[in-house]
Amino acid sequence: MTSPRAVLVGPPGSGKSTVGPLLAERLGVDFRDADADIEAAAGRSIPEIFTSDGEPAFRELEKRAVADGLGSYEGVYSLGGGAILAEETRALLAGHTVVFLSVSMPAGMQRTGMSTARPVLAGVNPRATYKQLLEARLPLYRSVATAEVDTDERRPDEVVDAVLAALGEKAPVEGTS
Ligand SMILES: Nc1ncnc2c1ncn2[C@@H]1O[C@H](COP(=O)(O)OP(=O)(O)O)[C@@H](O)[C@H]1O
Ligand SMILES: O=C(O)C1=C[C@@H](OP(=O)(O)O)[C@@H](O)[C@H](O)C1
Ligand SMILES: [Mg+2]
C-alpha cells in the first residue's frame, strides 16, 4: 500500500500549494495538489465548479480525488483547505503523515485577500468568513495532523525547513546538496 510522504492540510492561505512543491523538491519526490487534480479531471476551474454545480458537488469531487490520491501518491500531497470537512477524508487520513500548516487570521487574510480563486472566501464580509472558517476548522486540522507548523513568521523556504524538522528529516546544509 503506497502512502504520500507527507500530506499538507491547513486553511486557505497557509501556503499548502506554495510550500508543497518546495518540500517535494527538497525530499526528491513528486508533488500533487488535490485542487489541481480536481480541475484537471473536471476540465474547469474551482470557481467555475462552485458556480455551475455548487459547493456540495465540489466536495464530492474533492472526496473522490483525495481518496484516490491518498491511495496512490508517494510524494508530497497538498489538499484544499476544506478537504478535512468530510468525515470520510478525515478517517482516510489516519495512519498518514499529515502536516497542519497553521496561519493566523491577519496573515491568512493578507495572503488570500487579493485573490478571487477561492469561492469560500467570496462575499460581503471576507474577514468574518475567514474568522469563522478558522474557528470551525482548527479542531479538524488538529484531529488529523501528526505535526503542526506555524507559517506566520516564516517565508515558504523556512516553512519547508520547519516541516522537515517536524518530520524528523534533517534539512540539507546549504551548498552540500
Ligand atoms: N510562508 C509564506 N509567507 C508569505 N506568503 C506566503 C507564504 N506561503 C504562501 N504565501 C502566499 O500566500 C498565497 C496563498 O498561498 P497558497 O500556497 O495558495 O496557500 P493555500 O494553498 O494554503 O491556500 C500565495 O500568494 C503565496 O505566495
Ligand atoms: O477552504 C476551502 O474550502 C477551499 C480551499 C481551496 O484550496 P486552498 O486551501 O488551497 O486555497 C479550494 O479547495 C476551494 O476553493 C475550497
Ligand atoms: Mg492551495
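Numbering of ligands and ligand atoms starts at 1, following listing order. Any value given below was found using the heavy atoms of this structure, including those in side chains, with hydrogens, waters and symmetry copies removed.
- A salt bridge does not link D161 with R154: none of the charged nitrogens is closer than 4.0 Å to a carboxylate oxygen.
- Heavy-atom contacts from other residues, nucleotides or ligands closer than 6.0 Å to CD of E25 number 12 or fewer.
- Counting protein heavy atoms only, atom 1 (N) of ligand 1 is closest to R154 O, 2.8 Å.
- Of the possible polar contacts, one joining the Y130 side chain to the P12 backbone as a donor-acceptor pair under 3.5 Å is found.
- Under the 4.5 Å side-chain criterion, counting only non-hydrogen atoms from C-beta, L85 is in contact with R59.
- Using a 4.0 Å cut-off between heavy atoms, R137 contacts ligand 2 through its side chain alone, with no backbone atom that close.
- Remark: T18 OG1 to L23 CG distance equals 12.5 Å, nearest 0.5 Å.
- The closest approach between a heavy atom of G10 and any atom of ligand 1 is not below 4.0 Å.
- Among all non-hydrogen protein atoms, the one lying nearest atom 5 (C) of ligand 2 is G81 N, 3.5 Å.
- To the nearest 0.5 Å, the span separating OG on S143 from CZ on R137 amounts to 13.0 Å.
- Residue-ligand proximity, K16 to ligand 2, at heavy-atom distances under 4.0 Å covers atoms 8 (P), 9 (O), 10 (O).
- Taking atom 11 (O) of ligand 2 as the reference point, the nearest protein heavy-atom neighbour is R118 NE, 2.6 Å.
- Salt bridge D33/K16: absent, no basic N to carboxylate O contact under 4.0 Å.
- When the heavy-atom distances from atom 10 (O) of ligand 2 to L101, L121, T18, D35 are ranked, the shortest goes to D35.
- Nearest protein neighbour of atom 26 (C) of ligand 1, counting heavy atoms only, is T18 OG1, 3.5 Å.
- Near F58, meaning under 4.0 Å from any of its heavy atoms, are these atoms of ligand 2: 13 (O).
- Atoms of ligand 2 lying under 4.0 Å from at least one heavy atom of P119, given by number and element, are 15 (O).
- Every atom of ligand 1 with a heavy atom of P12 under 4.0 Å away is listed here by number and element: 23 (O).
- Residue contacts with ligand 2 for R59 involve side-chain atoms from C-beta outward but no N, CA, C or O (heavy atoms, distance under 4.0 Å).
- At a heavy-atom distance under 4.0 Å, only backbone atoms of P11 (N, CA, C or O) approach ligand 1.
- The CG atom of D152 sits 7.0 Å away from the OG atom of S102 when rounded to the nearest 0.5 Å.
- Remark: ligand 2 atoms within the under-4.0 Å shell around heavy atoms of V120 are 1 (O), 2 (C), 3 (O), 4 (C).
- At least one N, O or S atom of S17 sits under 2.8 Å from the Mg ion (ligand 3).
- Distances shorter than 4.0 angstrom occur between a heavy atom of S14 and an atom of ligand 1.
- Relative to atom 18 (O) of ligand 1, the option among K16, R155, R118 with the closest non-hydrogen atom is R118.
- To the nearest 0.5 Å, atom CE of residue M109 and atom CZ of residue R127 are 7.0 Å apart.
- Ion pairing between E74 and R5 fails under the 4.0 Å rule for side-chain N and carboxylate O.
- Protein heavy atom closest to atom 14 (C) of ligand 2, with residue, atom name and distance, is I46 CG2, 3.9 Å.
- At under 3.5 Å, not a single nitrogen or oxygen of P11, backbone or side chain, sits near a nitrogen or oxygen of ligand 2.
- Counting only N and O atoms by type, the side chains of Y73 and R32 include a donor and acceptor under 3.5 Å apart.
- Nearest non-hydrogen protein atom to atom 19 (O) of ligand 1 is G15 N, 3.2 Å.
- Counting the atoms of ligand 2 from 1 in the order shown, those under 4.0 Å from a heavy atom of G80 are 7 (O), 9 (O), 13 (O).
- When the options E158, R111, E153 are ranked by their closest heavy atom to atom 2 (C) of ligand 1, first place goes to R111.
- Ring planes of F100 and Y141: parallel class, angle under 30° (limits at 30 and 60°).
- Considering CD of E60 and CZ of R64, their distance stands at 6.0 Å, rounded to 0.5 Å.
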